[in-house]
*Asks:* 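Submitted below is the structure of interest, expressed as structure tokens.
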Amino acid sequence: MDHTAYLEALRSTAAGTEQSFDAEEFRARRQRVARAMREAGLEALLVTNPGEINYLTGYRTFEVSVHAALVFRPERCFLQVPSIETGPAAATALVDEVDGYRWESVQSVIGPLVDQLRDCRAIGINQWGNGLRPGVLDALRAQLPDTAFHESSAVLDRVRRVKTAAELERLHESARMTMAGLEAAMAVIEPGVDENTIAAEGARAMLAAGSEFMSLQPIVVSGPRSSVIHLNHQSRVIKKNESVFLEFGAVRHRYTAPQMRTAVAGQASDRMKRLNDVCHRLHDTLVSEMRPGQRFTDAATAANRVLAEVADEVFFSGVFGYTVGAQFPPSWVEGTGFIAEGEESPFEPGMVFHLPLCLRAPGEFGIGMSNTVVVGDNGATPITCNDWQLREPSS
């Protein structure tokens, strides 16, 4: 059978069997997005970011390198996927129609999208996120000359970054599995062990605890390698008294609550302890500042005052926190909000941030500690649990 017949067969045998949430959850999300659309004067959204499609429909797959699009209108959801993804669409997505195209012929997507959008005059798109192919947008503009495509990423961003009770439940489940992986990984750290062995133990523990495929694989780097941002395990053998940086994020229904920890294969130096203390104080400053009405930039400014004492000797990314939620490889960063100077959005209850507090002394070592936290009425509360100790083999 071809992909069309396959889809029809699945509708009667597997439709909805893999949905992450019930229909009421998606109805409530869509109502919030529909209100935001009306305020922005939009008739439809053309959604191509995998995390955004998942938020509105539940659609998920591990193959996110190919074109997929959701035409979202308050009264109707049209999901377009490659022929090889009609199975996941039938099993996971709550939509009115699934349209499969031959995955080797991406140009064939234009006709069905034009048919869905031809009666719209104002369509929202996310020009800054991943997934929207310039060729697709150019072709749509050429065939729909009377339609305006508006940059509207804020419409979904403002809704997505405030989590529902059901989303928070998934994030707590992720946190439990993330911490299980970190504890298992830290338990095997000692001189003579290589980075891959540590990463493998962490991955095994997270998968055994229930994690699905991860948006970002376990990060383990040691010694001088830990001073270089965004390297990963490469079979390096750990030496005595070296730091080992770990950053893990298990997944439950695409939701990730990441955490950073640092261990030492021996005894931590006074400098390592000092930088770890700065990470701890940065965290405590941030969670106290993350109150409703405060702006993201306000929390960053307060944190920068703490960072100032070591700012000349270590590298810090400049981002004290980023939103997390449902996401797909290659990253768990949701991208709807960042705690950094100049970011004017206000904190709201239910927002969830990972606070990636990693201080890197170039050519020497990196010390990274973090929590995933949820904003409440009086500040933020950790979802993950960090004891703020540089774990040593005897501890």
Side-chain angles (χ1 to χ4, degrees), residues 1-20 44-73 76-120 123-145 147 149 153 156 212-217 251 253-254 326-333 335:
M1 63 180 71
D2 65 10
H3 69 270
T4 303
Y6 180 51
L7 177 59
E8 286 301 318
L10 287 175
R11 281 177 175 147
S12 62
T13 59
T17 56
E18 300 279 336
Q19 284 179 6
S20 304
L45 297 178
L46 177 62
V47 185
T48 54
N49 177 289
E52 294 176 347
I53 295 175
N54 174 271
Y55 182 80
L56 288 167
T57 71
Y59 174 64
R60 65 186 192 275
T61 173
F62 57 74
E63 175 51 283
V64 292
S65 68
V66 292
H67 164 86
L70 172 71
V71 175
F72 176 77
R73 304 171 84 159
R76 178 175 169 77
C77 287
F78 170 87
L79 180 62
Q80 183 180 65
V81 299
S83 54
I84 55 171
E85 300 305 318
T86 51
T92 68
L94 184 63
V95 295
D96 298 291
E97 182 179 354
V98 174
D99 174 62
Y101 70 89
R102 289 171 49 199
W103 70 296
E104 72 276 18
S105 180
V106 69
Q107 295 83 357
S108 64
V109 306
I110 303 303
L113 290 177
V114 169
D115 290 341
Q116 293 295 318
L117 297 169
R118 68 171 68 254
D119 63 334
C120 296
I123 298 170
I125 57 174
N126 182 351
Q127 296 184 107
W128 298 101
N130 61 318
L132 181 58
R133 301 182 179 218
V136 171
L137 184 56
D138 289 347
L140 290 175
R141 281 175 165 154
Q143 295 196 35
L144 299 169
T147 298
F149 290 85
S153 54
L156 267 171
E212 297 141 34
F213 71 92
M214 289 167 249
S215 293
L216 188 60
Q217 299 310 305
V251 170
H253 289 164
R254 303 314 320 146
Q327 197 50 280
F328 291 79
S331 177
W332 56 52
V333 178

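Heavy atoms only: backbone and side chains are in, while hydrogens, waters and symmetry mates are out. Predicted model only: the values in this text are computed from it and were never measured. Index from 1, following the sequence.
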*Asks:* Do V333 and L216 come close enough that some side-chain heavy atom pair is under 4.5 Å?
*Replies:*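 No. Closest side-chain heavy atoms not under 4.5 Å.
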*Asks:* To the nearest 0.5 angstrom, please state how far the CZ atom of F149 sits from the CG atom of L144.
*Replies:*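 It is 5.0 Å, given to the nearest 0.5 Å.
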*Asks:* Quick one: pull up CG in L7 and OG in S83 and give me the separation to the nearest 0.5 Å.
*Replies:*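 It comes to 11.0 Å.
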*Asks:* Hey, could you give me the CD/CG distance between Q116 and D119, rounded to the nearest 0.5 Å?
*Replies:* 9.0 Å
*Asks:* Taking C-beta and beyond as the side chain, do W103 and V81 meet within less than 4.5 Å on heavy atoms?
*Replies:*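 Answer no - side chains too far apart.
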*Asks:* Would you indicate whether the side-chain heavy atoms of I125 and L137 approach each other to under 4.5 Å?
*Replies:*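 Yes; the side chains approach each other to less than 4.5 Å.
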*Asks:* Start with the C-alpha gap between R73 and D96, add the side-chain angles, then the distance that decides, and say whether salt bridge (charged side-chain N to carboxylate O under 4.0 Å, His left out) holds.
*Replies:* CA-CA 11 Å; R73 304 171 84 159; D96 298 291; over 6 Å; no
*Asks:* Can you give me the closest heavy-atom contact between V251 and M214, atom names plus distance?
*Replies:*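 Here V251 and M214 meet closest at CG2-CA, 3.7 Å.
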*Asks:* Are S215 and Q327 close enough, and set up right, to give a side-chain hydrogen bond (donor to acceptor under 3.5 Å, both in side chains), and what steps lead you there?
*Replies:* CA-CA 7 Å; S215 293; Q327 197 50 280; over 6 Å; no
*Asks:* Could you measure the distance from the CZ atom of R60 to the CG atom of N54? Nearest 0.5 Å is fine.
*Replies:* 7.5 Å
*Asks:* If you look at every heavy atom in I53 and A68, which pair is closest and at what distance?
*Replies:* CD1-O, 4.0 Å
*Asks:* Which pair of non-hydrogen atoms, one from A69 and one from L113, has the smallest distance, and what is that distance?
*Replies:*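 Scanning both residues completely, I find the closest heavy atoms to be CB-CD2, 4.3 Å.
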*Asks:* Donor-acceptor check, side chain of T147 to backbone of C120, threshold 3.5 angstrom: yes or no?
*Replies:* yes
*Asks:* Hey, are the side chains of P88 and F62 touching, using non-hydrogen atoms and a 4.5 Å cut-off?
*Replies:* no
*Asks:* Taking all heavy atoms of L10 and all of A90, pick out the closest pair and write down the distance.
*Replies:*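 Nearest pair, atom of L10 first, then A90: CB-CB, 3.9 Å.
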*Asks:* Say you draw a straight line from NE2 of H67 to CG of L132; how long is it, rounded to the nearest 0.5 Å?
*Replies:*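 The CG atom of L132 is 9.0 Å from NE2 of H67, to the nearest 0.5 Å.
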*Asks:* Heavy-atom distance under 4.5 Å between the side chains of I123 and L45, does that happen here?
*Replies:* no
*Asks:* Can you tell if the side chain of C77 reaches within under 4.5 Å of the side chain of L70, non-hydrogen atoms only?
*Replies:*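 Side chain of C77 against side chain of L70, heavy atoms only: contact under 4.5 Å found.
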*Asks:* Heavy atoms only: give me the nearest A139-I110 pair and the separation to one decimal.
*Replies:* CB-CD1, 3.7 Å
*Asks:* Out of curiosity, T86 OG1 to Q80 CD, how far, rounded to the nearest 0.5 Å?
*Replies:*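 Going from the OG1 atom of T86 to the CD atom of Q80 covers 12.5 Å.
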*Asks:* Quick one, N130 with N49, criterion side-chain hydrogen bond (donor to acceptor under 3.5 Å, both in side chains). Give me CA distance, side-chain angles, the key distance, then yes/no.
*Replies:* CA-CA 6 Å; N130 61 318; N49 177 289; 2.6 Å; yes
*Asks:* Determine, stepwise, if the pair L117 / V71 fulfils side chain to side chain contact (heavy atoms under 4.5 Å, CB included).
*Replies:* CA-CA 8 Å; L117 297 169; V71 175; 3.7 Å; yes
*Asks:* Take L156 and V47 through the test side chain to side chain contact (heavy atoms under 4.5 Å, CB included) and record every step on the way to the result.
*Replies:* CA-CA 10 Å; L156 267 171; V47 185; 4.3 Å; yes
*Asks:* Which label fits F328 and F213: parallel for a plane angle under 30°, tilted from 30 to 60°, or perpendicular past 60°?
*Replies:* tilted
*Asks:* Mind checking whether Y101 and H3 have ring centres under 6.0 Å apart?
*Replies:*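 So the answer is no for these two rings.
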*Asks:* Assess whether atom CZ of R102 is packed by more than 12 heavy atoms of other residues, nucleotides or ligands within 6.0 Å.
*Replies:*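 No, the 6.0 Å shell around CZ holds no more than 12 heavy atoms from other groups.
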*Asks:* What pair of heavy atoms forms the shortest contact from A14 to T17, and how long is it?
*Replies:*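 A14 and T17 have their closest heavy atoms at O-OG1, 2.8 Å.
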*Asks:* Quick one: side chain to side chain donor-acceptor pair (under 3.5 Å) partners of S65, sequence neighbours excluded?
*Replies:* E63
*Asks:* Hey, does the Lys NZ or Arg CZ of R254 hover above the aromatic six-ring of Y59, less than 6.0 Å from the centre and inside 45° of the axis?
*Replies:*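 No cation-pi geometry.
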*Asks:* Could you list all the side-chain hydrogen bond (donor to acceptor under 3.5 Å, both in side chains) pairs where at least one residue sits in residues 105-115, not counting sequence neighbours?
*Replies:* D115-R118
*Asks:* Would you check if the side chain of Q19 reaches a backbone N or O of T92 as a donor-acceptor pair within less than 3.5 Å?
*Replies:*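 No.
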